[in-house]
Amino acid sequence: MSDFIYSNDNKRYHTWNYHLRNKFGCKVMKISINAGFTCPNIDGKKGYGGCTYCSGSGSGDFAGNPEDSILRQFDDIRQKMHKKWKSGKYMPYFQAHTNTYAPAAVLRSRFECVLRQPGVVGISIATRADCLEEDVLEYLSELNERTYLIVELGLQSVFDKTGDRINRCHTYAEFLEGYNALKERGINVCVHLINGLPGETHNMMIESARRVGALRPHCVKLHLLHIIRGTAMEQELEKGNVSLMSREEYVDVIVRQLEVIPPETIIQRLTGDGARDSLVGPMWSLKKFEVLNAIDKELEIRDTYQGQKYVRSDIYSV
């Protein structure tokens, strides 16, 4: 095949690093922050217990310590990043739980302090599509006018029966409503999908990627289901109600998902990180670079690439 257009390092998919280096001309480091928010499926507004795979940190296992101030978290993690990269810019990533689940005035008090820090070029905000009230949308629109903003929406699957099983507590239709509200305001959206959720076939995982690709989001994150100690999902695993994907299965699904995602969509992640001391499985996922190398190798073996089977006329409605 000819060189993939969105790559300068022989990758066959549109990497996050490629995008940031082309946009900002340097390394950009994501600084993960825990701002102390909760979720509507934890506090009882929509449900209790949170998503069944979610750890006590609200999927923010690598974020800062919520007992520290936001600026202290930012500075601590920034310093750790510089042990690996000598120079670069920063993008605060409000990662743990639902980071728009509060009035806009509260969000402003937590976001603005890091946006004023030297070297910050943007902000990434992880949330749910059903937590975008009008005042929040107005504030996000304002942010979008003055910085590089990405709103990350945890969809995980387009199938509502999967959403019910993992206690997501919102529907695909609600996701589309929130997604469209952001897109109408010109806000960049990153959609999260998880492969290996209970009850899902490989074809269902591909279909989730196909439908999300048809929406043409700014970014996508593709995750492997990690079973974390102490979660409801761990209990399901112990009962035999959840099976873990093999590395070979996961690589095959990722390659097939990449093929149906438009080439201009940035792939922020192709696998996830699980903390070694709390990960129940799959244990092969700890060797992250081996997984990424296996994906690269399989793309080359199949002589395929991101968007190879994407059809721009694909339109999916509720």
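Every heavy atom of this structure was used, including side-chain atoms; hydrogens, water molecules and symmetry mates were not. The structure displayed is predicted, hence computed values, not measured ones.
For H97 (side chain) and C39 (main-chain N/O), no donor-acceptor pair under 3.5 Å exists by modelled atom type. Between the R168 side chain and the S157 main chain, a donor and an acceptor come within less than 3.5 Å of each other. With H202 contributing its side chain and V253 its backbone, the two residues share no donor-acceptor pair below 3.5 Å. Remark: the backbone N or O of I228 is paired with a side-chain donor or acceptor of T231 at under 3.5 angstrom. Side-chain atoms of N180 come within 3.5 Å of backbone atoms of L176 as a donor-acceptor pair (strictly under, hydrogens ignored). Distance alone, capped at 3.5 Å, places no donor-acceptor pair between the S7 side chain and the R12 backbone. Counting only distance, with no hydrogens or angles, the side chain of N34 and the backbone of N65 share no donor-acceptor pair below 3.5 Å. Using a distance-only test at 3.5 Å, with no hydrogens or angles considered, no donor-acceptor pair links the side chain of Q117 to the main chain of L71. In this structure a side-chain-to-backbone donor-acceptor pair under 3.5 Å is missing from T271 to L224. Distance alone, capped at 3.5 Å, is enough to place a donor-acceptor pair between the Y179 side chain and the L215 backbone.
A 6.0 Å sphere centred on NZ of K297 holds no more than 12 heavy atoms belonging to other residues, nucleotides or ligands.
Residues satisfying the ring pair (Phe, Tyr, Trp, His ring centres under 6.0 Å) test with Y90, not counting sequence neighbours, are F74, H82. Looking at residues two or more places apart in sequence or on another chain, you find a ring pair (Phe, Tyr, Trp, His ring centres under 6.0 Å) between F94 and F111. Applying the side-chain hydrogen bond (donor to acceptor under 3.5 Å, both in side chains) rule to N17 yields the partners R21; only residues at least two apart in sequence or on another chain are considered.
Checked for salt-bridge contact, R72 and D76 meet the test: a charged N lies under 4.0 Å from a carboxylate O.
Of the N and O atoms on the side chains of R210 and N203, not one donor lies less than 3.5 Å from an acceptor on the other residue.
Among pairs with a residue in residues 115-142, none fulfils ring pair (Phe, Tyr, Trp, His ring centres under 6.0 Å), at least two apart in sequence or across chains.
R165 forms no cation-pi arrangement with F159, by the criterion of a distance under 6.0 Å to the ring centre and an angle within 45° of the ring axis. Geometrically, K30 engages Y93 in a cation-pi contact defined by less than 6.0 Å to the ring centre and at most 45° from the axis. In this structure, K23 forms a cation-pi arrangement with Y148, its terminal cationic atom sitting closer than 6.0 Å to the ring centre and no more than 45° off the ring axis.
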Per-pair distances, 0.1 Å, donor-acceptor, side chain in residues 183-196, under 3.5 Å, sequence neighbours excluded:
residue: R185; atom: NH1; partner: A181; partner atom: O; Å: 2.8
residue: R185; atom: NH2; partner: E134; partner atom: OE2; Å: 3.2
residue: N188; atom: ND2; partner: L149; partner atom: O; Å: 3.2
residue: H192; atom: ND1; partner: H223; partner atom: NE2; Å: 3.2
residue: H192; atom: NE2; partner: E152; partner atom: OE1; Å: 2.6
residue: N195; atom: OD1; partner: Q257; partner atom: NE2; Å: 2.8
residue: N195; atom: ND2; partner: Q257; partner atom: OE1; Å: 2.9

Please table the atom pairs, donor to acceptor, closer than 3.5 Å between any side-chain atom in residues 233-248 and protein atoms at least two apart or in another chain.
residue: E234; atom: OE1; partner: G230; partner atom: N; Å: 2.7
residue: S246; atom: OG; partner: E249; partner atom: N; Å: 3.1
residue: S246; atom: OG; partner: E249; partner atom: OE1; Å: 3.3

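Considering every non-hydrogen atom in both A104 and D135, the closest pair reads N-OD2, 3.0 Å. When every heavy atom of D130 is checked against every heavy atom of C169, the shortest pair comes out as OD2-O, 4.0 Å. Pairing each heavy atom of C26 with each of K89, the nearest pair is SG-CG, 3.4 Å. Closest of all the heavy-atom pairs between Q156 and Y53 is NE2-OH, 3.1 Å.
Checking S278, S285, S55 one by one against H226, the side-chain hydrogen bond (donor to acceptor under 3.5 Å, both in side chains) holds for a single residue, S285.
Using bins of under 30°, 30° to 60° and over 60° for the plane-to-plane angle, the ring pair W16/H19 lands in the parallel bin.
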